[in-house]
Protein chains: 2
Amino acid sequence: MASVKDVARLAGVSVATVSRVLNDSAPVTPETRDRVLAAVAELGYRPNAVARSLRTDATRTIGLIIGDILNPFFTELARAVEDEARGLGYSVVIGNADERPERQDHYVRTLLEQRVDGLLLCPTAEITPLVRDMVGDGKPLVFLDRTLPGLDVPTVRADGTAAIGELVGHLRRLGHRRIAFISGPAFLSTGRERTAAFAAALRDHGLPVRDEYLEAGDFQAASGRASAARLLDLPEPPEVIVAGDNLMALGALDEIRSRGLAIPGEVALASYDDLPWFTHVDPPITAIGQPVQELGRRAVRGLVERVGGGAGESVVLSARLVVRRSCGEHDSMEGSGPQ
Amino acid sequence: MASVKDVARLAGVSVATVSRVLNDSAPVTPETRDRVLAAVAELGYRPNAVARSLRTDATRTIGLIIGDILNPFFTELARAVEDEARGLGYSVVIGNADERPERQDHYVRTLLEQRVDGLLLCPTAEITPLVRDMVGDGKPLVFLDRTLPGLDVPTVRADGTAAIGELVGHLRRLGHRRIAFISGPAFLSTGRERTAAFAAALRDHGLPVRDEYLEAGDFQAASGRASAARLLDLPEPPEVIVAGDNLMALGALDEIRSRGLAIPGEVALASYDDLPWFTHVDPPITAIGQPVQELGRRAVRGLVERVGGGAGESVVLSARLVVRRSCGEHDSMEGSGPQ
DNA sequence: TTGTAGGCGTTATCAA
DNA sequence: TTGATAACGCCTACAA
């Protein structure tokens with residue numbers, strides 16, 4: 001491949017001059033400039049970002065480690081991150097942790113070695129030694145969606161506490177009393193938060209918190225299905241199943257369908273996370289939606305600020321309830337709820 | 001950040017020795033080896049992949065440019081590619097063309113500058129000058145899912161011709177005669193291929209190919225919705241709408257639902273591409289599924305082979321029909337069709 | 001078995 | 001305005 005040297009030779013100038021026109025980092029006469037550009041075109045010269053990064057100690061690249069690339073929530077998040085980053089002149093390298101701590105660490109390591117300028121991490125586990133080191137090293141880092149307590153790292157996330165409260169109130173008004181929750185892993189902040197919010201909401205509405213109605217899932221479809229099965233096998237099964245994320249909702253749906261149960265007649269269903277196709281299920285699924293675009297945008301801005309030497313601050317947005325028909329709502333209620 | 005030099009100094013050896021133990025590229029006595037490893041640990045040394053790549057002229061990284069990251073087909077494909085690549089010791093950098101030629105070229109350029117060892121491209125357009133150049137330069141390249149005729153590049157894709165034939169036969173047997181197709185863009189090989197297969201299948205079954213039943217979409221949900229609207233507004237609307245990809249199926253579904261039409265009673269629906277949630281729509285959607293995992297695997301293997309100096313060869317797999325209920329199937333038919 | 005030194009392609013400093 | 005040159009961190013002859 002052609003290098004600056006080749007371009008310089010062909011244009012009859014020094015490599016310094018080539019660099020100057022390419023980055024217009026210093027004044028160059030129009031004529032030499034043209035000569036250089038002509039040489040660039042003729043040789044099909046393409047700057048070597050690897051060499052540039054070595055020299056400048058910056059890659060204009062950020063890493064994004066997501067929990068699970070097959071989870072539409074993360075996919076949408078990745079898309080938002082990518083869009084914002086591109087606008088700011090950064091490339092993003094995505095790592096898929098697949099909800100496995102060791103794979104998360106694999107990507108942390110790889111991205112660090114690739115010398116990304118900063119890292120957006122949706123932590124898949126409790127604090128790993130590697131992550132702790134990274135914080136100590138002062139590499140620009142921002143947590144996204146999930147957080148890790150005890151670490152001084154800016155976090156961009158959506159809080160679902162209020163929305164879950166609304167959901168439980170909504171269910172209560174519909175006459176439901178036996179409400180079950182399939183939670184995410186307790187070692188994830190989102191898992192903990194949603195579970196705690198659910199229990200609190202139950203209490204707020206004078207409903208008992210029954211252990212057997214609290215299933216521990218792992219944010220994957222299979223666990224949603226298994227949890228739903230256990231719930232439906234209970235001597236006194238719940239009237240409503242609330243899934244802690246969209247994948248587990250899909251799993252629960254699988255289980256309910258396979259038993260030929262009517263929704264919401266025999267069991268109602270609601271989901272944390274909202275998806276386009278929830279509209280098309282019969283009945284359409286009542287869900288809690290997150291401001292995904294905004295999460296991605298804010299995270300990138302915060303990270304880039306840190307890369308530039310700024311402080312970076314945590315931001316907490318709000319999730320919101322989207323009422324549809326899967327919980328026994330009447331016609332008049334659909335689409336209600338806070339916008 | 002600590003460099004080999006620092007490690008060397010701390011271990012009391014030369015940088016060459018450090019490099020040797022890190023890559024075990026040459027014999028080193030156990031004692032020095034231990035000293036080096038200890039220094040590495042103490043300094044938290046992390047090799048600089050940028051410098052290494054500059055020196056070795058290899059990044060152990062491949063680029064993957066997909067059509068649309070919000071399209072579950074590509075998401076699943078990305079996942080498969082990533083898995084296979086990781087197994088072979090490669091990282092993959094994903095670029096989302098968002099079905100826009102200029103954005104595809106943006107990523108081609110960026111990835112080339114980042115000196116990826118090879119590129120997996122799902123072409124989003126006709127041949128762009130940049131892509132043509134790349135082929136000329138001999139940079140390892142493999143087309144995935146879609147192909148670009150006239151370019152000598154190995155392609156890994158699934159052929160849907162047979163499956164579409166089966167689908168039309170299936171519809172015919174169900175008594176349908178007025179079958180419409182929402183096609184992908186004619187400038188994409190997949191768009192062309194599916195449309196041609198559909199027309200051929202119609203003829204094979206003695207059905208007329210009516211222009212007004214051939215809608216031109218762009219593989220995005222909005223176009224699926226608009227196309228379905230035009231189809232349903234026809235003086236003699238079709239009995240069946242076949243969407244050329246899953247996103248357009250979603251859009252068509254939106255339109256059908258918003259008109260309060262019964263599926264399959266008032267209009268039947270089928271989709272190219274199969275998705276987990278198709279099972280949960282009422283009624284479950286009859287679709288054509290692609291061997292996504294295998295596509296990803298084969299593409300990576302082919303590319304890595306090329307990177308290693310091999311030839312690389314094209315592979316064509318087959319899509320298959322999955323019969324469900326959205327076309328007026330009877331109970332006994334569900335799940336039938338070729339496995 | 002180990003060390004010295006050159007060079008990968010850039011950018012940036014210092015002179016001219 | 002331009003050019004010569006050092007340096008970024010690493011690997012790898014070549015020597016010892």
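Just so we're on the same page: letters track the sequence lines, and every chain starts at 1. Bear in mind that the values here come from a model prediction, so they are computed numbers and not experimental data.
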Checklist line | Polar side-chain atom of A:R46 near backbone of B:E113 as donor-acceptor pair, under 3.5 Å | finding: no
Next item on the list: Round to the nearest Å and state the distance from A:L22 atom CG to C:dT10 atom P.
Entry: 8 Å
Next item on the list: When you get a sec, tell me which of D:dA7, D:dC10, C:dG3 is the closest nucleotide to the side chain of B:N48?
Entry: D:dC10
Next item on the list: Nearest whole angstrom, please: distance from the P of D:dT1 to the CZ of A:R35.
Entry: 15 Å
Checklist line | Listed nucleotide nearest any side-chain atom of B:K5, set C:dG3, D:dG9, D:dC8 | finding: D:dC8
Check: Once you round it to whole Å, what is the distance between C1' of C:dT10 and CG of B:D57?
Finding: 15 Å
Check: To the side chain of A:T17, which of C:dT4, D:dG3, C:dT10 is closest?
Finding: D:dG3
Margin query: What's the closest nucleotide to the side chain of A:T32 if the choices are D:dT2, C:dG9, D:dT1?
Written below: D:dT2
Notebook entry, point to check: Just by distance, do the side chain of A:D218 and the backbone of A:P185 share a donor-acceptor pair under 3.5 Å?
Noted result: no
Item checked: Identified side-chain contact (heavy atoms from CB on, under 4.5 Å) partner of A:L144 from the options A:I66, A:L121, A:L77 -> A:L77
Notebook entry, point to check: Which part of the nucleic acid does A:N23 contact within heavy-atom distance under 4.0 Å: base, sugar-phosphate only, or nothing?
Noted result: sugar-phosphate
Next item on the list: Carefully, step by step, assess B:R192 and B:E126 under the rule salt bridge (charged side-chain N to carboxylate O under 4.0 Å, His left out).
Entry: CA-CA 12 Å; B:R192 279 193 305 275; B:E126 292 169 300; over 6 Å; no
Notebook entry, point to check: Around atom CD of B:E313, are there more than 12 heavy atoms of other residues, nucleotides or ligands at under 6.0 Å?
Noted result: no
Margin query: Using OP1 and OP2 only, check whether a side-chain N or O of B:S14 sits under 4.0 Å from C:dG3.
Written below: yes
Next item on the list: Looking only at side-chain atoms of B:P27, point me to the closest of C:dT10, C:dT1, C:dA5.
Entry: C:dT1
Item checked: Short side-chain N/O contact to D:dT2 OP1/OP2 from A:T29, under 4.0 Å -> yes
Checklist line | Presence of A:R52 side-chain N/O under 4.0 Å of C:dT11 phosphate oxygens OP1/OP2 | finding: yes
Next item on the list: Quickly work out the B:E113 CD to C:dG9 C1' distance and round it to whole Å.
Entry: 13 Å
Notebook entry, point to check: How many Å lie between CE on A:M1 and C1' on C:dG9, as a whole number?
Noted result: 12 Å
Next item on the list: Please state whether the base of C:dG3 and the side chain of B:R20 form at least one donor-acceptor pair under 3.5 Å?
Entry: yes
Next item on the list: Starting at atom CZ of A:R55, determine the distance to atom C1' of C:dT11, rounded to an integer number of angstrom.
Entry: 4 Å
Margin query: For B:D57, is the CG atom crowded, meaning more than 12 foreign heavy atoms sit under 6.0 Å from it?
Written below: no
Note to self: At 4.0 Å (heavy atoms only), tell me whether A:V13 reaches a base, stays on the sugar-phosphate, or touches nothing.
What the structure shows: sugar-phosphate
Notebook entry, point to check: For A:R46 and B:V15, take the nucleotide of DNA chain C holding the closest heavy atom to each; which residue's nucleotide lies nearer the 5' end?
Noted result: B:V15
Notebook entry, point to check: To the nearest angstrom, how far is B:D24 atom CG from C:dT2 atom P?
Noted result: 14 Å
Notebook entry, point to check: Looking at A:S19, does any N or O in its side chain come under 4.0 Å of the phosphate oxygens OP1/OP2 on C:dT11?
Noted result: yes
Next item on the list: Measure from CZ on A:R115 to C1' on D:dC8 and round the result to the nearest Å.
Entry: 12 Å
Item checked: Selection from D:dT12, C:dC8, D:dC10 that lies nearest to any side-chain heavy atom of B:V4 -> D:dC10
